[in-house]
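Heavy-atom basis, side chains included; hydrogens, waters and symmetry copies ignored. Every chain is numbered from 1, with letters handed out A, B, ... down the list of sequences.
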Amino acid sequence: MAADEQLREMRKELESLRTEVGIQADIHAVRTLQFKYGYYMDKCLFAEIVDLFAEDAVLYFMNGIFRGKRGARRLYGGASGLDGPAYGMLFEHIIAQDIVDVASDRKTAKGRFRCFLQGGVHESKRDAPPRIPAQFLEAGIYENEYVKEDGVWKIRLFNYRIVYQARLEEGWAHSGREPLMVTPYTTLYPENPRGPDELRPDPPVWPQTFIMPFHYPHPVTGQRVPADR
Amino acid sequence: MAADEQLREMRKELESLRTEVGIQADIHAVRTLQFKYGYYMDKCLFAEIVDLFAEDAVLYFMNGIFRGKRGARRLYGGASGLDGPAYGMLFEHIIAQDIVDVASDRKTAKGRFRCFLQGGVHESKRDAPPRIPAQFLEAGIYENEYVKEDGVWKIRLFNYRIVYQARLEEGWAHSGREPLMVTPYTTLYPENPRGPDELRPDPPVWPQTFIMPFHYPHPVTGQRVPADR
Amino acid sequence: MAADEQLREMRKELESLRTEVGIQADIHAVRTLQFKYGYYMDKCLFAEIVDLFAEDAVLYFMNGIFRGKRGARRLYGGASGLDGPAYGMLFEHIIAQDIVDVASDRKTAKGRFRCFLQGGVHESKRDAPPRIPAQFLEAGIYENEYVKEDGVWKIRLFNYRIVYQARLEEGWAHSGREPLMVTPYTTLYPENPRGPDELRPDPPVWPQTFIMPFHYPHPVTGQRVPADR
């Protein structure tokens, strides 16, 4: 083979390798982006949270759909009055079990994560926001989407669903049928200044169960795993 | 150096780089394979679980050894009658702390993971399978092996050991000496239609403790860390 | 472009790619190093723990600063009398949510991790070390630093802070104001044979809260997120 042709070939190989390495770096960027979200949530760093979102982000929470960073600002707007760490308030967000898949053009990604939350209010805290239980556990799943803009990964779709919530004293076998801390939205923004832009059907609440749709096929069979069964 | 020689050298470097990138991609594939196992287990997706295994897989569970996908099908065969998500049934498998090492030929890998399970049955569930406690915690360690067949990673050795189980109301300080939900196997397949192919000695059960053997040496000294002490 | 020039360029590209791949491999090495720390802590493998540290390591624990591997040996020296797994003793260290950043020279790295610990003593254990609660939870954050020496990553700065500790029976809403198992240091080594080399101000203890300083800027804005608010 002529040196010229060899060079052309190697350049091609180099290019494909560069893409593969880039995808690994993207995966790392996206998984740590979601982990950082968790660390900020621990301490109610809501301005930092909002800045993780793309301008055209969409956020699903309960039966509400929030649009754009403005929507994010309402959702994380400190309805509780919290902003930053506060004496006696606990919100430990363990985020784990990352399944991040980056699109071949490396501009978007999807990620599934699990959250395990320990939250509550210490008995010595006098002025706690109402409706936060003394101590509770929450488990949930994220199936988020991410976008890379000017080389920076951001959250574009925030799609979190609660699997269960339980007061620590009672446990998940005895959870009530009402979600803790939150109630389904009934009025939209701007009538409700913290409300969503749209409503969607109420997601099922534990003890109902559901499969959070998988963004990825079965890793061995390649088949789609349906969520509706 | 002649251009020819330079080209030869670069080709070599490119090859070694390709292997290194491939190993990173393999690590990612194996860790997410195990994480996906966890998400399927959450919802009793047993057909999907069985499809994660290689044809010649070996599964250790309790004092039983199960061979092949047929063995996997018996182990995950829904002895409980469960198959898919069910009202009021909780099996949250948090899988974390991945230590994945890929063989230099990139055909096999070993992985250590931790599992932290929250399980149980909501009080409103009327027809729960017997023997599942109302609410329990379980911790365990996987030391699995994986194989790549036609470019697809599968579980070849499933080696899980329970560290502790505890009813949430009692906690691990007061666990009974009998494992929850399961009893050691006494009869083999086919006499026992869900039985193992072979028996092995009963693994220790909490409050006994053990070191799950490490598949990797100490990361600094390079010494093997023995499990028998 | 002449073949010579092309070769020079490709060599440069190859070099930069090699660095990028190396960084991915470093991230993997550092995150698994910290995860291995957790698995060793599960079983009180203190000699293995000490070997994870660089000779010039610094360790912050409570209000103590320990210097060097000798300091590490005092800190992990088995004040409890424990060394290796023991009947009825539980110390499950779930380590997760890794944020590892490798310096561009690939000689040092920083890592933030979360720990969620389930610990205690089974009721059937007769000779348990004093001061270990029957069953407790602990959450904490590491902001560690790592160094690569002769190609081997080691922990150089160990910086762990407890977010909360709670007896399982009481939960974090009812934690006492004294830390479990430990008391602030009052005397230094060598007067205290297990003491630190230096004291520092007592870190806040739950129900006080704090932001563990982030070693990384905000991933979207690039701004430093201050810890003092």
Side-chain angles (χ1 to χ4, degrees), chain B residues 1 3 6-7 9-10 13-14 16-25 27-28 31 94-101 112-116 137 139-141 163-164 166 168-175 177 204 206-212 214 216 218-223 225-227 229, chain C residues 3-4 7 10-11 14-15 17-18 20-22 24-25 27-29 31-40 42-43 45 47-48 51-54 83-90 92-97 116 118-125 133-135 149 152-155 167-169:
Chain B
M1 192 157 53
Q6 285 190 47
L7 272 170
E9 242 187 38
M10 281 178 63
E13 278 185 50
L14 206 54
S16 97
L17 209 51
R18 177 174 301 287
T19 301
E20 282 178 56
V21 179
I23 285 174
Q24 291 301 314
I27 289 171
H28 180 65
R31 61 193 292 283
I94 302 180
I95 298 188
Q97 217 163 327
D98 51 292
I99 313 277
V100 173
D101 290 284
R112 187 184 189 92
F113 295 83
R114 186 192 292 290
C115 185
F116 179 62
L137 298 172
I141 304 271
V163 171
Y164 77 83
L168 184 64
E169 300 85 349
E170 300 176 344
W172 44 87
H174 309 293
S175 306
R177 268 131 199 293
W206 169 254
Q208 290 177 72
T209 59
F210 61 91
I211 297 176
M212 182 69 155
F214 301 100
Y216 49 84
H218 188 284
V220 172
T221 67
Q223 300 286 304
V225 177
R229 52 173 142 185
Chain C
D4 231 40
L7 272 171
M10 280 177 63
R11 191 167 292 283
L14 207 55
E15 209 44 58
L17 208 51
R18 178 173 302 285
E20 281 178 56
V21 179
Q24 292 301 314
I27 289 171
H28 180 66
R31 62 193 292 281
T32 55
L33 177 61
Q34 188 64 41
F35 290 166
K36 289 170 187 178
Y37 170 91
Y39 287 122
Y40 294 154
D42 286 358
K43 300 299 164 188
L45 301 181
E48 281 77 6
D51 278 337
L52 297 174
F53 288 93
D83 186 18
Y87 175 90
M89 304 298 305
L90 193 78
E92 289 287 293
H93 284 72
I94 302 180
I95 299 187
Q97 217 162 328
F116 178 61
Q118 307 130 69
V121 184
H122 194 265
E123 58 183 23
S124 62
K125 167 84 171 168
Q135 38 196 2
E149 295 175 340
V152 177
W153 285 100
K154 303 173 189 174
I155 306 173
R167 293 173 201 274
L168 184 63
E169 300 85 348

Contacting region of [X] [heavy-atom separation from chain C under 4.5 Å]:
{"X": "B:Phe210", "result": "backbone"}
{"X": "B:Ser175", "result": "both"}
{"X": "B:Gln24", "result": "side chain"}
{"X": "B:Ile141", "result": "side chain"}
{"X": "B:Trp172", "result": "both"}
{"X": "B:Ile94", "result": "neither"}
{"X": "B:Glu169", "result": "neither"}

Practice item. Spell out, as yes or no, whether a donor-acceptor pair under 3.5 Å connects the side chain of C:Tyr39 to the backbone of B:Met212. Key: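 Looks like no, no N/O pair under 3.5 Å.
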Review point. Counting only N and O atoms by type, is there a donor-acceptor contact under 3.5 Å from the side chain of B:His218 to the main-chain atoms of C:Glu48?
Key: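 Indeed, once roles are kept as given, a pair shorter than 3.5 Å links the two residues.
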Shortest non-hydrogen contact from [X] toward [Y]:
{"X": "B:Cys115", "Y": "B:Ile95", "answer": "SG-CG1, 4.3 Å"}
{"X": "C:Gln135", "Y": "B:Ala173", "answer": "OE1-N, 2.8 Å"}
{"X": "C:Glu92", "Y": "B:Ala139", "answer": "OE1-CB, 3.7 Å"}

Within a strict 4.5 Å, meaning less than it, do heavy atoms of the [X] and [Y] side chains meet?
{"X": "C:Glu123", "Y": "B:Glu170", "value": "no"}
{"X": "C:Phe53", "Y": "B:Val220", "value": "no"}
{"X": "B:Phe113", "Y": "B:Val100", "value": "yes"}

Mind ranking [options] by heavy-atom pairs under 4.5 Å with chain B and telling me who comes out on top?
{"options": "C:Pro133, C:Gly120, C:Ala25, C:Ala29", "value": "C:Ala25"}
{"options": "C:Asp4, C:Val121, C:Leu52, C:Leu168", "value": "C:Leu52"}
{"options": "C:Met10, C:His28, C:Glu20", "value": "C:His28"}

**Study point:** Spacing of NE2 belonging to B:His174 relative to OG belonging to C:Ser124, to within rounding of 0.5 Å
**Key:**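 Going from the NE2 atom of B:His174 to the OG atom of C:Ser124 covers 11.0 Å.
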Check your understanding: CD/B:Glu13 to CG/C:Leu14 distance, rounded to the nearest 0.5 angstrom?
Key ->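 So the CD of B:Glu13 and the CG of C:Leu14 are separated by 5.0 Å.
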Review point. Could you go step by step and tell me if B:Asp98 and C:Arg31 meet the salt bridge (Lys or Arg N to Asp or Glu O under 4.0 Å) rule?
Key: CA-CA 9 Å; B:Asp98 51 292; C:Arg31 62 193 292 281; 2.8 Å; yes
With a 4.5 angstrom heavy-atom cut-off, could you sort out which part of [X] is near chain B: side chain, backbone, both or neither?
{"X": "C:Met89", "value": "backbone"}
{"X": "C:Val152", "value": "side chain"}
{"X": "C:Leu90", "value": "both"}
{"X": "C:Phe116", "value": "side chain"}
{"X": "C:Ala47", "value": "neither"}
{"X": "C:Lys43", "value": "side chain"}
{"X": "C:Gln118", "value": "both"}

Looking only at heavy atoms and a cut-off of under 4.5 Å, which of [options] has the most pairs with chain C?
{"options": "B:Ala96, B:Ser16, B:Gly171, B:Ala166", "result": "B:Gly171"}
{"options": "B:Leu137, B:Ile211, B:Ile23, B:Val21", "result": "B:Ile211"}
{"options": "B:Gln223, B:Arg112, B:Arg177", "result": "B:Arg112"}

